[in-house]
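Structure first, then comments.
The chains referred to below are lettered A, B, ... by the order of the sequence lines, with proteins before strands, and numbering in each begins at 1.
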Amino acid sequence: MAYNHEKIEKKWQRTWEKLEIFKTKQNSSKPKFYCLDMFPYPSGDGLHVGHPRGYIATDIASHLYRRKGHNVLHPMGWDAFGLPAENYALKTKVRPRISIKKNVKTFTKQLKSLGFSYDWSREINTTDPEYYKWTQWMFLQLYKNGLAYRKEVPANFCPSCKTILANEQVVEGKCERCDTEVEQEKVEQWMFKITNYAESLLNDLDNLDWPDTTKAMQRNWIGRSEGTEINFSLGKENKLKVFTTRPDTLFGCTYLVIAPEHEIITELKSQILNLGQVKKYIKDSKKRSERERISETKIKTGVEIKGIKAINPVNNREIPIFVADYVLASYGTGAIMAVPAHDQRDFEFAKKYNLPIIEVIKSDRKPKLPEKAPLTVTGGGFQQAYEGKGILINSDRFNGLDSDTAKKRISEKLVKENTAKDTVYYKLRDWIISRQRYWGSPIPMVYCEQCGWQPVPEKELPVILPEIRDFKPTGKGDSPLAKSEKFIKAVCPKCGGRAKRETDTMDTFVCSSWYHFRYADPQNEKEFASKKNLKKWLPVDLYIGGAEHAVMHLLYSRFFCKVLYDLKFIGFQEPFLKLRHQGLILAAGGVKMSKSKGNVINPDDIVKDFGADTLRTYETFMGPFTDAIAWDTKGMIGVKRFLDKIYKFKSKIHNSSNSSLNRLVHKTIKKVTEDIQNFKFNTAISQLMILANEMDKQDQIPKNAYKVLLQLLSPFAPHLTEELWQEINQKQEIKIKDSIHSQKWLKYNPKLVLEETIQLVVQINGKVRDKIMVNAEITKKEAEDLAKTQEKVQKWLEGKEIRQIIFVPRKLINIVV
RNA sequence: GCCGCGGUGGUGAAAUUGGCAAACACGCUGGGUUUAGGACCCAGUGGGAGCAAUCCCUUGAGAGUUCGAGUCUCUCCCGCGGCACCA
């Protein structure tokens, strides 16, 4: 018979809340464990079955560590700024503050219905002025230390909506609202100098217990590359600096290419003979860039800058200079040395414009496939550049050297001659944090005609986000806030004169870059968190959330942490010591759950029909925690049967201690404890099922074994196990210490984990031929003798000579004949 | 193209890290029970041969190392995720 999950679950949720059993103890000498979920955006759709997968994992970990004697911080909050609320307001006229409030209420109710052990007294919301006051304060710290600055950068502009769009609002090169093709427009934006931290963001990854994939993504994103900056003389005084990772190919450099934005075009415009043509190309490429990026065909175009030549420093040859948009202004020096024989892009460009191709590297490996038509100085039948390493040719006195040695020698020579310098470049760009949106934290800056940009004094924070009615863009690329006269009007903090407030708001990722600090001290009015509390709780010991944040949130938070460390607010350089990503939960058939497909599973329905315990246990049992997995209601019924089975056991409990289950019980304690710590929840449940199946076979279940089963299952199914636990104990009034969730975590007896008698596998030449029951401590000699007496073994040994015997204690004996 | 992850029954998966492949669960088949069930109980369930004992084959493909490979090495194929004109 099924148990009444609705009644049981509500009852215990109320009791736990009344007892404040999961409230974090501030004054405790126990070691701390900070167990954190990535806080959700409270969307209008409510909780999705995918959300709890991660929350269940942190909840199980929190239960385990609490009961292993740790003081656990396990909080929840809301990342509630962001575009959806603003779009919703545009559509329905419901103000973001109102819709978000409603959504938070729904989310809270849903989370509470799952029985999570959060300390709700520490709940935070990024849209509360008490919270974003400190987001603004963070901005000011960055500004004061030269890490926040304003700069003109290209941004996405929709000519129809007349507004700047965030990257997320650009779908396949078009505006998500009106489908108009987006243009690149240069606009002044606030930026964070994350590039200052490229080196430590990269190096410190090594010591983090994070998924390799995530670390690899961050390394990739930061994109460190070592190379040489080489100065090419342009005759007279002028020089052009290029960056290359392949100085060994310098003899093969037959032209230079600069990005359209390169400043040398303006600097030397008087010398350029075809200035009109060059300017036209630059103008066209601006239009091209966005569309070209989308269309896969990357046709290389460019224009020679006539009237200026460069000198290749290794051989003093005069080479032409081109402007082409396949060279990016934002990477390296915005200029490259083109080596068409050994770079595919340069090769394509050279072919198109009929430029010389000089082969300088010969592959030193034998080709796997028949060799392609060889490269020649004159060009000809070959199709591809050879981009690998090899032996130098056509390189004067460097001929015969291998690429690596040549790299060093050539760069050494140039460094000595003062025409080059070894450097490191990163792909990482500074972080644009300005958003032309309403629903975000205001940027605490004012602009004074006399004094320029001035920070709002700290004591005037927060700059309150005003309530407005009209969320339509202004048409000038400003945030909707620009229409609020009252908001804009400000006093210059420096001269006291009239000033204008910044109307852009901050990227929501700024709000979520420091929230984990706030949980340590959520009500503090004087600091973002006190030094004492930061020291007590941070860094986060276990952090769980989606892999989609691998580079954005997780990189930004690391950046903030390093800044706050350098500014001496905190004493550690990494915010999240251990990180795991939950896998996606897909709809039946392995497709994404989506409203439009109508295949979304609502957790409320599952809780109502099967119970929170079933949902929690099923989501851990359905497969490996980090794998994407399809929802299967049938599979969940199996878990429900398992819980029902345990409920039924209560009629079979017996006081006498039957020891037949003893070894299995201890094995289960070991397996479940280790599995939880290793995020192998699915096999922890399997083991509990094995124990339950074994108990099911018994006529009477010893009380002690039953209590172990309940305790081990309690982090997964907290309500049912509490109910059954209290039925055994039959206390009139329940105190915190009586709860199953307050019981000390069980220890296993190492002696009882190993079986006394085991099945020894007998192999002949590696093939299993027999299995014999033996004492676990059997020696090699004994096992050999015993094996040889077996009929089946004898059959296989007949007339053969034994060459070798391999014995693995407790496992097998392999006779090689 | 580059980086990363993965490929095991009808399905989700497990395999003590080199030692019995398929635990646990779903589904299915047969039987029991029930007015009925998303109910419960029992038995079976990778493929092939055989009445059976038993034997052979099997972890994307192929090779290699080893007494022994799902696990390690190499080559290739396929799928997923991220980045992508980064010099």
Side-chain angles (χ1 to χ4, degrees), chain A residues 1-2 211-221 223-225 227 242-246 249 257 259 289 292-293 296 298-300 324-328 330-339 342-346 348-349 368 387 425-429 547-548 550-551 584 588 590 609-610 618 621-624 626-642 644-645 648 670-671 674 680 682-690 692-693 696 759-771 792 795 803-808 810-817:
Chain A
M1 200 194 68
D212 288 338
T213 47
T214 307
K215 289 197 203 179
M217 264 192 230
Q218 292 213 349
R219 286 196 187 102
N220 228 316
W221 188 263
R224 181 180 201 270
S225 79
V242 306
F243 175 66
T244 182
T245 55
R246 293 295 301 269
T249 64
V257 190
S289 61
E292 289 305 308
R293 207 185 302 156
E296 288 297 317
K298 282 158 188 164
I299 305 149
K300 282 164 190 60
D325 61 9
Y326 81 89
V327 172
L328 306 174
S330 50
Y331 183 77
T333 61
I336 60 150
M337 58 176 232
V339 184
H342 303 292
D343 181 287
Q344 188 58 24
R345 295 155 302 180
D346 298 342
E348 282 163 27
F349 191 83
K368 274 181 292 182
E387 294 187 328
Y425 273 101
Y426 296 91
K427 283 189 209 170
L428 185 69
R429 308 290 153 82
E548 69 274 16
V551 275
L584 285 175
D609 296 345
F610 299 92
Y618 172 59
F621 180 63
M622 65 195 302
T626 52
D627 288 9
I629 206 156
W631 185 268
D632 176 18
T633 301
K634 286 258 175 64
M636 190 178 55
I637 289 164
V639 170
K640 176 76 165 113
R641 281 182 196 148
F642 164 63
D644 282 337
K645 184 185 280 179
K648 279 186 298 188
K670 179 173 193 276
K671 177 116 181 95
E674 288 172 359
K680 292 166 83 175
N682 51 336
T683 50
I685 296 296
S686 301
Q687 184 63 34
L688 288 168
M689 284 174 170
I690 292 169
N693 290 345
D696 203 26
Q759 201 182 46
L760 190 77
V761 171
V762 183
Q763 294 184 337
I764 315 285
N765 285 349
K767 293 209 169 179
V768 181
R769 294 306 180 188
D770 203 1
K771 295 163 188 179
K792 285 182 206 163
K795 197 179 93 192
R803 293 223 324 256
Q804 198 185 352
I805 307 247
I806 285 133
F807 178 68
V808 183
R810 295 187 164 272
K811 288 213 171 81
L812 60 74
I813 181 159
N814 186 11
I815 302 171
V816 185
V817 295

**Request:** Describe the nucleic acid contact of A:Pro211 in one word from base, sugar-phosphate, nothing, applying a heavy-atom distance below 4.0 Å.
**Result:** nothing
**Prompt:** How would you label the contact of A:Ser330 with the nucleic acid (heavy atoms, under 4.0 Å): base, sugar-phosphate, or nothing?
**Reply:** nothing
Collect all protein-nucleotide pairs involving nucleotides 54-56 of chain B in which both atoms are nitrogen or oxygen and the distance is under 3.5 Å.
residue	atom	partner	partner atom	Å
B:rC56	OP1	A:Arg769	NH1	3.4
B:rC56	OP1	A:Arg769	NH2	3.2
B:rC56	OP2	A:Arg769	NH1	3.1

**Asked** Would A:Ile815 and A:Gln763 satisfy side-chain contact (heavy atoms from CB on, under 4.5 Å), going step by step from the backbone distance to the final call?
**Response** CA-CA 6 Å; A:Ile815 302 171; A:Gln763 294 184 337; over 6 Å; no
**Asked** For atom C1', what is the distance between B:rG48 and B:rC42, given to the nearest Å?
**Response** 29 Å
**Prompt:** Expressed as a whole number of Å, how far does the C1' atom of B:rC85 sit from that of B:rU75?
**Reply:** 31 Å
**Request:** For B:rG10 and B:rA22, measure between their P atoms and round to the nearest Å.
**Result:** 15 Å
**Asked** Between B:rC20 and B:rU11, how far is it from one P atom to the other, in whole Å?
**Response** 24 Å
**Prompt:** Can you check the A:Lys427 NZ to B:rC85 C1' distance for me, whole Å?
**Reply:** 11 Å
**Request:** Using atom NZ of A:Lys640 as one end and atom C1' of B:rC40 as the other, report the distance to the nearest whole Å.
**Result:** 14 Å
**Request:** Name the nucleic acid region contacted by A:Phe610, choosing base, sugar-phosphate or nothing; use a 4.0 angstrom heavy-atom cut-off, strictly under.
**Result:** base
**Item:** Spatial distance of atom CE (A:Met217) from atom CG (A:Asp212) [nearest 0.5 Å]
**Value:** 11.5 Å
**Request:** Using the C1' atoms only, state how far B:rG70 lies from B:rU17, rounded to an integer number of Å.
**Result:** 12 Å
**Asked** Rounded to the nearest 0.5 Å, what separation is found between the CG atom of A:Leu688 and the CG atom of A:Asn693?
**Response** 11.0 Å
**Request:** Let me know the distance between CD of A:Glu348 and C1' of B:rG1, rounded to the nearest Å.
**Result:** 12 Å
Set out, line by line, the N/O atom pairs under 3.5 Å between protein and nucleotides 30-34 of chain B.
none

**Prompt:** With a 4.0 Å cut-off, would you call A:Lys648 and A:Asp644 a salt bridge?
**Reply:** no
**Message:** Between B:rA23 and B:rG30, how many Å separate the two C1' atoms, rounded to a whole number?
**Reply:** 24 Å
**Request:** Using a 4.5 Å cut-off on heavy atoms from C-beta on, say whether the side chain of A:Asp346 contacts that of A:Met337.
**Result:** no
**Request:** Can you sort out the partners of A:Ala335 under side-chain contact (heavy atoms from CB on, under 4.5 Å), two or more places apart, ordered by chain and number?
**Result:** A:Leu240, A:Val242, A:Ile258, A:His262, A:Thr333
Strictly under 3.5 Å: I want the nitrogen or oxygen pairs between protein and nucleotides 15-19 of chain B, one per line.
residue	atom	partner	partner atom	Å
B:rA15	OP1	A:Lys680	NZ	3.3
B:rG19	N2	A:Gln763	OE1	3.2
B:rG19	N2	A:Asn814	ND2	3.4

**Message:** Measuring only the P atom in each nucleotide, how far is B:rA39 from B:rC28? A whole number of Å is fine.
**Reply:** 10 Å
**Any side-chain heavy-atom pair of A:Met636 and A:Phe621 under 4.5 Å** = no
**Request:** Hey, could you give me the CD1/CD1 distance between A:Ile690 and A:Ile685, rounded to the nearest 0.5 Å?
**Result:** 11.5 Å
**Prompt:** Base, sugar-phosphate, or nothing for A:Val551, non-hydrogen atoms under 4.0 angstrom?
**Reply:** nothing
**Message:** Taking B:rU29 as the reference, what is the distance to B:rG9 when you measure between their C1' atoms (whole Å, please)?
**Reply:** 16 Å
**Asked** Can A:Gln804 and A:Asn814 be said to form a side-chain contact (heavy atoms from CB on, under 4.5 Å), step by step?
**Response** CA-CA 8 Å; A:Gln804 198 185 352; A:Asn814 186 11; over 6 Å; no
**Request:** Enter the distance from A:Ile336:CD1 to A:Leu328:CG here, rounded to the nearest 0.5 Å.
**Result:** 10.0 Å
**Prompt:** Syn versus anti for B:rU75, judged by chi lying within 90° of 0?
**Reply:** anti
**Item:** Beyond-backbone contact of A:Lys771 with A:Val762, side-chain heavy atoms, under 4.5 angstrom
**Value:** no
**Request:** Assign the ring pair A:Tyr425 / A:Phe243 to parallel, tilted or perpendicular, where the plane angle (0 to 90°) is split at 30° and 60°.
**Result:** perpendicular
**Request:** Might you work through the side-chain contact (heavy atoms from CB on, under 4.5 Å) test for A:Asp343 and A:Phe349, ending with a clear yes or no?
**Result:** CA-CA 10 Å; A:Asp343 181 287; A:Phe349 191 83; over 6 Å; no
**Asked** Where the side chain of A:Thr244 is defined as all heavy atoms beyond and including C-beta, which of B:rG38, B:rA87, B:rC67 is the nearest nucleotide?
**Response** B:rA87
**Request:** Kindly point out which of B:rC3, B:rC41, B:rA87 is positioned nearest to the side chain of A:Asp696?
**Result:** B:rC41
**Prompt:** Would A:Thr683 and A:Lys671 satisfy side-chain contact (heavy atoms from CB on, under 4.5 Å), going step by step from the backbone distance to the final call?
**Reply:** CA-CA 8 Å; A:Thr683 50; A:Lys671 177 116 181 95; 3.9 Å; yes
**Asked** A:Tyr618 side chain to A:Asp632 main-chain N or O, any donor-acceptor pair under 3.5 Å?
**Response** yes
**Fill in**
Note on RNA chain B: ranges paired as stems (three or more Watson-Crick/G-U pairs in a row, both atom distances under 3.5 Å) are B:1-7 with B:77-83, B:10-12 with B:24-26, B:27-32 with B:40-45, B:46-49 with B:54-57, B:60-64 with B:72-76
**Request:** Take the protein atom CZ of A:Arg803 and the nucleotide atom C1' of B:rU66, then report the distance between them rounded to whole Å.
**Result:** 13 Å
**Asked** Would B:rG70 be called syn or anti, given that syn covers angles within 90° of 0?
**Response** anti
Polar atom pairs (N or O), protein with nucleotides 24-26 of chain B, under 3.5 Å:
residue	atom	partner	partner atom	Å
B:rA25	OP1	A:Asn693	ND2	2.9
B:rC26	OP1	A:Arg641	NH1	2.6

**Message:** What contact category does A:Asn682 fall into here, base, sugar-phosphate, or nothing, at under 4.0 angstrom with non-hydrogen atoms?
**Reply:** sugar-phosphate
**Message:** Just the rounded figure in Å: distance from P of B:rG4 to CD of A:Glu548.
**Reply:** 22 Å
**Complete:** Here the distance between atom C1' of B:rU8 and atom CG of A:Asp627, to the nearest Å, is 13 Å
**Prompt:** Can you tell if the side chain of A:Met622 reaches within under 4.5 Å of the side chain of A:Trp631, non-hydrogen atoms only?
**Reply:** yes
**Asked** In Å and rounded to the nearest 0.5 Å, what is the OG1 to CZ distance from A:Thr214 to A:Arg219?
**Response** 10.5 Å
**Request:** Could you state the atom-to-atom distance from CZ of A:Phe243 to C1' of B:rA87 in whole Å?
**Result:** 8 Å
**Message:** Distance check needed: B:rA84 P versus A:Tyr331 OH, whole Å only.
**Reply:** 13 Å
**Asked** Of A:Pro624 and A:Met636, whose closest RNA chain B nucleotide lies nearer the 5' terminus?
**Response** A:Pro624
**Item:** Any donor-acceptor N/O pair, A:Asp627 side chain to A:Ile629 backbone, under 3.5 Å
**Value:** no
**Item:** Sub-4.5 Å side-chain heavy-atom contact between A:Val339 and A:Arg246
**Value:** no
